[in-house]
Amino acid sequence: MAEASLKELVSLEKYLGLKKTNKYSTQGERKQQQHRVIKQGRGSPPGSSFDPPTPEYVQEQQDWRKKMISVPVLQTKDGQNIVGLVTIACHLVKAAKQEQLLGRTREESAVVQQWLEYRIVQLGAPGAKEEGRSTLRDLNGYLEDKVYFGGDFLSLADILMYYGLHSYMVDLTVQDREKFVNVSRWFSHIQQLPNVQQHLPRVHIMKNRIYTNVH
């Protein structure tokens, strides 16, 4: 996940026209989870002061460790660390003096922030792709009467959502892309914007069939 996030940030720098590239690193973050305490291990003598963990507990811990995620870190010139994809992305937008991508009004800014949070929580969480079709179905409904996630204006949310949804769209068949017509329409539009695509391969979408379904 961290490697993909770093590529996104480098691509965002190029899109924003930032000529001086930044140096990034990563740090680990664990998803908070309540641990289950095993009182007695399988096969251990009753009343023993220490019971070895059961195979189920061992497997649970292994699965939990896999949920450790790495997040990108940007070190600024003054030595401060900016942590997290969205936080760094917003910093880059401001550095490029393109604040309109964060919303032109308070209301628009609130909507953009909501979608940026969605990008991390819904698309960036471990195992998120397992719920891919459900996610695409929800987004397809939302985009039914919208050009962009913010409504009628391009925002940072569209760019990061494009990066986050790219692997979802690649995995879909042509027929599936037609089922999610509104997502496909939005995706096709975003990937054709100058300098957005960058490191990602183009996803071919049959416009003539998709756009005829848009009213």
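Starting from 1, each residue takes its place in the sequence as its number.
A heavy-atom distance below 4.5 Å is not found between the side chains of Val71 and Leu85. Within the 4.5 Å cutoff, no side-chain heavy atoms of Ile159 are placed close to those of Ile190. Between Leu116 and Met161, every side-chain heavy-atom pair lies at or beyond the 4.5 Å cut-off. For the pair Lys14 and Val10, the minimum side-chain heavy-atom distance is below 4.5 Å. Using a 4.5 Å heavy-atom threshold, the side chains of Pro201 and His166 count as touching. Residues Gln113 and Cys90 form a side-chain contact, since some pair of their non-hydrogen atoms from C-beta on lies under 4.5 Å apart. Under the 4.5 Å side-chain criterion, counting only non-hydrogen atoms from C-beta, Val73 is not in contact with Tyr24.
Side-chain atoms of Thr135 and Asp138 include no donor-acceptor pair closer than 3.5 Å. If you check the side chains of Gln192 and Ser188, you find a donor sitting under 3.5 Å from an acceptor.
Checking Leu74, Val93, Asn81 one by one against Ile88, the side chain to side chain contact (heavy atoms under 4.5 Å, CB included) holds for a single residue, Leu74. With Phe153 as reference, Val112 is the one residue of Asp158, Val112, Val147 to meet the side chain to side chain contact (heavy atoms under 4.5 Å, CB included) rule.
Seen from the ring of Tyr148, Lys146 does not count as a face-on cation partner, given the 6.0 Å and 45° thresholds.
Classification of Glu8 and Arg119 as a salt-bridged pair holds, one side-chain N sitting under 4.0 Å from a carboxylate O. Using a 4.0 Å cut-off between charged side-chain N and carboxylate O, Asp152 and Arg104 make a salt bridge.
Remark: side-chain polar atoms of Ser109 are paired, donor with acceptor, to backbone N or O of Leu102 under 3.5 angstrom. At distances below 3.5 Å, not a single donor-acceptor pair connects side-chain atoms of Arg185 with backbone N or O atoms of Phe180.
In this structure, Phe149 and Trp186 have perpendicular ring planes: the angle between them is above 60°, well past the 30° mark.
Under the 6.0 Å cut-off for aromatic ring centres, His189 and Tyr162 do not qualify, their centroids lying 6.0 Å or more apart.
Within a 6.0 Å radius of CZ in Arg106, no more than 12 heavy atoms belonging to other residues, nucleotides or ligands are found.
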